[in-house]
S.K.: 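I'd like to ask you about the structure that follows.
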Amino acid sequence: MTRTAQPVEDAEAVHRPGRWLALAVLVLAVLLVAVDATVLGLATPYLSEDLKPSGTQLLWIGDVYSFVIAGLLVSMGSLGDRIGRKKLLLTGATAFGAVSVLNAYATTPEMMIAARALLGVAGATLMPATLALIRNLFPDPRERSFAVGIWGAMASAGAAVGPVVGGFLLEHFWWGSVFLINLPVMAVLVVVGARLIPESKNPAPGPWDLPSVALSLVGMIGVVYAVKEAAAHGFRPEAGIAAAVGAAALIWFVRRQLTLPAPLLDMRLFRHRGFSGAVLADLLTILGLSGLIFFLSQFLQLVQERSPLEAGLAELPAALGAVGAGLVAGVAARRFSVRSVVSGGLAAIGLALAALTVLDRTTGYPVLGVSLLAVGVGAGLAFTVTADVILSSVPKEQAGAASAVSETAYELGAALGIALLGSIVTGVYRDFVTPRGVPGDTAAAAHESLGGAVEAAKALPERSADALVAAAQHAFVEGLRLAAGVGAAVLLATAAAAWLLLRRQHLEDGVEHP
């Protein structure tokens with residue numbers, strides 16, 4: 001693949017009419033998938049009251065969406081390279097809208113689990129397809145960096161906006177409304193995208209290897225399930241079995257890719273130090289960040305007693321920081337260097353997490369707001385530049401598969417982060433001393449979770465209830481502070497690793513020949 005200064009014959013490709021409007025359509029899909037991953041958390045109490053799922057069913061309703069997405073990202077990215085990324089995106093968007101209706105009107109827990117799984121299948125088609133299509137829409141690397149910045153900003157913003165949107169809808173409508181908001185967005189995506197988004201695919205892709213698809217699905221679901229089970233219930237035999245099956249499937253998947261003439265994922269991509277460094281940075285960053293953000297939402301609601309809408313609004317500085325930093329990340333990486341921007345962004349997140357180690361129940365919002373703003377700025381810088389590095393490190397024919405690797409690292413990092421940092425919070429929390437006078441069954445429920453403690457306290461006399469909630473909140477905050485310290489250490493170590501791995505890595509300045 002050759003890159004030169006911009007020739008006259010490339011002008012039409014570089015200045016494709018409607019490319020920015022097409023980008024706006026693409027980021028709608030990204031925004032919606034990110035919102036959908038977070039919005040369900042607020043709806044869970046209402047959904048539980050209506051559908052009455054068991055504890056296990058409730059866990060599956062919450063987790064199956066991310067399980068399926070993690071398991072299918074690589075396969076769907078590769079499928080888009082083969083059949084056409086636009087075709088896959090529009091098909092997936094149509095399915096996402098239709099299945100959202102099924103989610104909104106589910107009448108049983110089993111129906112809800114199946115609907116969430118199908119939503120995960122549709123969601124897995126959207127994320128890698130959007131990033132790969134950006135590669136095709138913007139041959140000019142400088143424009144592409146800006147476009148990737150917008151893409152990353154919307155992904156970050158969606159995760160933060162989800163609780164705000166969910167809080168607003170749940171205060172005015174029934175729980176199914178959090179799914180029906182998908183319909184108008186997907187309708188716009190399909191109608192406008194069909195006209196403005198150009199098709200792109202690998203001209204000589206080879207067959208789509210179904211055994212590799214199955215191995216990828218089994219492997220990722222097995223590993224992610226094992227991690228989440230271990231975090232929720234400790235290291236039980238079923239978690240160990242799932243981990244062993246998942247690891248075996250992934251090893252088999254890698255070995256099979258190395259022998260296929262047209263692999264689902266070309267493992268030789270990982271020989272490129274920039275590609276491997278960017279993927280590793282994404283995984284470790286999300287690992288150090290996601291678990292803490294997950295529990296910070298509980299801190300805002302259950303410790304500082306904010307409403308769901310107030311808690312969502314309190315997290316907005318992270319989204320604003322990510323949007324602003326994402327838009328300037330490409331310019332900064334060219335002016336300074338890739339490794340300085342990525343490492344600087346990761347270090348900013350690490351220092352913000354370190355500041356949260358002094359958190360207590362009475363911490364004022366300015367400390368939280370500034371920390372969340374720093375987290376957003378750091379994430380916007382780091383994720384935008386690593387996405388650009390990943391895209392530019394591979395031939396454009398493999399853009400879908402490469403984008404899927406990036407997204408898979410994100411999903412796996414999120415699962416590992418919630419599991420590992422979650423086990424720290426949970427371990428510290430469960431050791432709190434029950435105040436005198438609290439019955440044994442109430443104490444047992446209180447030690448399961450902070451939400452359980454708040455609910456259990458409602459059945460106690462006021463003095464005992466206040467003492468139980470205060471003890472539970474204190475233990476939760478202690479666990480959160482320890483997890484923040486571990487997350488800070490992970491992020492600072494990742495910043496140092498990125499400084500080494502991304503040495504001499506540059507964003508391109510020339511224009512790709514179409």
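All values below were derived from every heavy atom in this structure, side-chain atoms included, with hydrogens, water molecules and symmetry-related copies excluded. Note that the structure is a prediction, hence the values are computed from the model and not measured.
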S.K.: For the CG atom of L373 and the CG atom of L368, what is their distance to the nearest 0.5 Å?
M.R.: 12.5 Å
S.K.: Determine yes or no for a side-chain-to-main-chain donor-acceptor pair under 3.5 angstrom, with S340 supplying the side chain and S337 the backbone.
M.R.: yes
S.K.: Please report the interatomic distance CG(L327) to CG(L381), rounded to the nearest 0.5 Å.
M.R.: 10.5 Å
S.K.: Kindly give the heavy-atom pair with the smallest separation between G378 and A348, and that separation in Å.
M.R.: CA-CB, 4.3 Å
S.K.: Could you give the distance from CG (D360) to CD (Q304), rounded to the nearest 0.5 Å?
M.R.: 8.5 Å
S.K.: Taking all non-hydrogen atoms of both residues, which atom of G120 and which atom of I69 are closest, and how far apart?
M.R.: O-CG1, 3.3 Å
S.K.: Work out which heavy atom in R339 is nearest to a heavy atom in A498; give both atom names and the distance.
M.R.: CB-O, 4.1 Å
S.K.: Among L491, V486, V490, exactly one meets side chain to side chain contact (heavy atoms under 4.5 Å, CB included) together with L353. Which residue is that?
M.R.: L491
S.K.: Specify the closest pair of heavy atoms between V389 and F275, including all atoms of both residues, with the distance to one decimal.
M.R.: CG1-N, 4.5 Å
S.K.: Atom OG1 in T363, atom CG in L356: separation rounded to 0.5 Å?
M.R.: 8.5 Å
S.K.: Determine the minimum heavy-atom distance between A495 and A347, stating which atoms define it.
M.R.: CB-N, 3.8 Å
S.K.: Which distance, rounded to the nearest 0.5 Å, do you find between the CG of L137 and the CG of L23?
M.R.: 7.5 Å
S.K.: Name all pairs fulfilling the salt bridge (Lys or Arg N to Asp or Glu O under 4.0 Å) condition that reach into residues 248-264, sequence neighbours left out, sorted by first residue then second.
M.R.: D209-R256
S.K.: Go through it in stages, so that I can follow the logic: the residues are L26 and I197, the test is side chain to side chain contact (heavy atoms under 4.5 Å, CB included), and I'd like the CA-CA distance, side-chain angles, deciding distance and then a yes or no.
M.R.: CA-CA 9 Å; L26 290 177; I197 298 173; 3.6 Å; yes
S.K.: Do L126 and M186 have side chains that get closer than 4.5 Å, going by heavy atoms?
M.R.: yes
S.K.: Less than 4.5 Å apart, any side-chain heavy atom of F253 and any of P263?
M.R.: no
S.K.: CE/M76 to OG1/T125 distance, rounded to the nearest 0.5 angstrom?
M.R.: 6.5 Å
S.K.: Run the numbers on R85 and L89 for side chain to side chain contact (heavy atoms under 4.5 Å, CB included), then give the verdict.
M.R.: CA-CA 6 Å; R85 294 151 194 150; L89 176 72; over 6 Å; no
S.K.: Can you give me the closest heavy-atom contact between T386 and A281, atom names plus distance?
M.R.: CG2-CB, 4.4 Å
S.K.: With a 4.5 Å heavy-atom cut-off, do L480 and L359 have their side chains touching?
M.R.: yes
S.K.: Can you check side chain to side chain contact (heavy atoms under 4.5 Å, CB included) on S212 and L260, steps first, answer last?
M.R.: CA-CA 10 Å; S212 294; L260 289 174; 3.7 Å; yes
S.K.: Kindly say whether A354 contributes a backbone atom to a donor-acceptor pair with the side chain of T357 at under 3.5 angstrom?
M.R.: yes
S.K.: In terms of the angle between their ring planes, are W20 and F138 parallel, tilted or perpendicular, with boundaries placed at 30° and 60°?
M.R.: tilted
